[in-house]
**Student:** 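Below: one structure in structure tokens.
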Amino acid sequence: MKDKLHELGARAREEMAEAGSPEELDEIRIRFLGKKGELTRILRGMGGLSAEERPRVGKMANEIRAAIEKELTAKSAILKKLIKEQMLHNEKIDVTLPGTVVWRGGRHPLNIVLEEIENIFLGLGYTIAEGPEIETDYYNFEALNLPKDHPARDMQDTFFISNEILLRTQTSPVQVRTMEKTAPKLPVKIIAPGKVYRRDDDATHSPMFNQVEGLAVDQRITFSDLKGTLAYFAREMFGKKTKTRFRPSYFPFTEPSAEVDVSCVICGGTGCRVCSHTGWLEILGAGMVHPRVLEVSGYNSEDVTGFAFGMGIERITMLKYGIDDMRLLFENDLRFLQQF
Ligand code: PHE
């Protein structure tokens with residue numbers, strides 16, 4: 001019987017040493033020490049022992065039970081600690097890892113550029129004026145010296161709503177609307193940003209785009225005022241080294257008229273792909289306000305003169321950021337917009 005008890009103790013120790021989980025230990029406890037366990041089964045044979053043997057074997061059984069229990073508790077503590085350590089290791093979070101950044105949105109490149117343009121002219125004492133996008137034929141064309149049969153209307157392929165109502169093709173009607181409201185007071189110094197519409201659609205034209213109009217009317221305003229203003233604007237907008245070039249052109253509502261180029265913002269004027277190897281980029285149309293436009297707007301063209309200019313914001317944005325397809329500005333692809 002003693003041998004059996006020793007053997008049981010040795011086997012229990014072996015199994016406990018190999019146990020890998022608290023569940024296994026529980027199972028060992030039940031199998032060896034439980035009511036129907038091996039120890040109980042051995043002790044059932046106590047009846048066959050002599051009176052002096054019985055207490056000795058009983059004592060030995062108790063010692064073995066105590067030893068197994070002690071070992072079970074110790075092993076269980078070790079296992080639990082191990083499991084906890086493993087869990088801590090597996091579930092470790094690196095608090096220094098960058099989190100998932102939620103993009104809070106940003107300004108659209110067109111708005112960034114528009115704000116820059118506005119700030120430059122606000123600094124020169126201009127104020128901001130607005131006009132309707134649904135415009136009359138009168139303000140969009142006729143008051144701007146473009147009568148109904150004028151061939152220059154062909155340059156601005158127009159969305160007509162009716163014979164007299166259209167989507168404005170340019171911000172120039174705001175010139176007339178502003179002067180009508182201000183006359184006969186002087187000076188008039190406004191810029192007028194806003195959407196305009198033309199029936200064009202390709203990589204460099206969109207049926208909807210944005211312009212900024214500029215208008216300065218006062219006594220003795222000259223073409224040199226226009227040149228100085230636009231040269232200053234170009235330097236502020238594209239950098240101190242930017243040069244400007246005025247080419248003779250034609251607009252019905254300015255006389256004389258010019259198209260204005262800046263030295264290429266990419267190559268600085270030496271010639272590259274962006275400027276088609278000319279060194280120059282066209283950025284706007286301008287000129288001295290035509291006397292007839294002054295007259296229909298309420299000013300005496302004998303007393304006052306003025307200059308006007310108009311530029312496309314998309315074009316300037318594309319030049320400034322090296323964007324080669326205008327449609328990117330309208331598709332609202334976050335991968336594009338997040339770069340500004
Ligand atoms: N409105 C003209 C255009 O859209 C630009 C312009 C504005 C030219 C003012 C001269 C003066 O092409």
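From a predicted model like this one, the values you see are computed outputs, not experimental measurements. Counting begins at 1 with the first residue of the sequence. Note that ligands are numbered from 1 as they come in the structure, with each ligand's atoms numbered from 1 the same way.
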**Student:** Which heavy-atom pair separates Asn210 from Lys195 by the least distance, and what is that distance?
**Tutor:** OD1-CG, 3.5 Å
**Student:** Provide the closest heavy-atom pair for Gly268 versus Ser263 in the form atom of the first, atom of the second, distance.
**Tutor:** O-CB, 4.3 Å
**Student:** Please determine if Thr254 has a nitrogen or oxygen closer than 3.5 Å to a nitrogen or oxygen of ligand 1.
**Tutor:** no
**Student:** In terms of atom number and element, which parts of ligand 1 are under 4.0 angstrom from non-hydrogen atoms of Gln175?
**Tutor:** 9 (C)
**Student:** Mind checking whether Gln211 has a heavy atom under 4.0 Å from ligand 1?
**Tutor:** yes
**Student:** With backbone taken as N, CA, C and O and side chain as the heavy atoms from C-beta onward, which portion of Phe309 lies under 4.0 Å from ligand 1: side chain, backbone, both, or neither?
**Tutor:** backbone
**Student:** Any carboxylate oxygen within less than 4.0 angstrom of a Lys/Arg side-chain nitrogen, looking at Glu53 and Arg56?
**Tutor:** yes
**Student:** Does some non-hydrogen atom of Met155 fall short of 4.0 Å from ligand 1?
**Tutor:** no
**Student:** Number the atoms of ligand 1 from 1 as they appear, then name those within less than 4.0 Å of a heavy atom of Gly310, with their elements.
**Tutor:** 6 (C), 7 (C), 9 (C)
**Student:** Between Ala286 and ligand 1, which residue portion shows a heavy-atom distance shorter than 4.0 Å: side chain, backbone, both, or neither?
**Tutor:** backbone
**Student:** Considering only non-hydrogen protein atoms, determine which one is nearest to atom 3 (C) of ligand 1 and report residue, atom name and distance to 0.1 Å.
**Tutor:** Arg198 NH2, 3.7 Å
**Student:** If I compare all heavy atoms of Ala143 with all of Tyr139, which pair ends up nearest, and what's the gap?
**Tutor:** CB-CA, 4.4 Å
**Student:** Could you say whether the N/O atoms of Thr169 and ligand 1 ever approach to under 3.5 Å?
**Tutor:** no
**Student:** Which is closest to atom 8 (C) of ligand 1 by heavy-atom distance: Gly285, Ala152, Pro252, Gly214?
**Tutor:** Gly285
**Student:** What closest approach, in Å, do Gly271 and Cys267 show between heavy atoms, and which atom pair accounts for it?
**Tutor:** N-SG, 3.1 Å
**Student:** Check this for me, if you would: do Glu7 and Lys2 make a salt bridge, where the nitrogen-to-carboxylate-oxygen distance has to be below 4.0 angstrom?
**Tutor:** no
**Student:** Is Ser172 in polar range of ligand 1, meaning some N or O pair under 3.5 Å apart?
**Tutor:** yes
**Student:** Any salt bridge between Glu15 and Arg31, counting N to O under 4.0 Å?
**Tutor:** yes
**Student:** How are the rings of Phe121 and Phe233 set relative to one another: parallel (under 30°), tilted (30 to 60°) or perpendicular (over 60°)?
**Tutor:** parallel
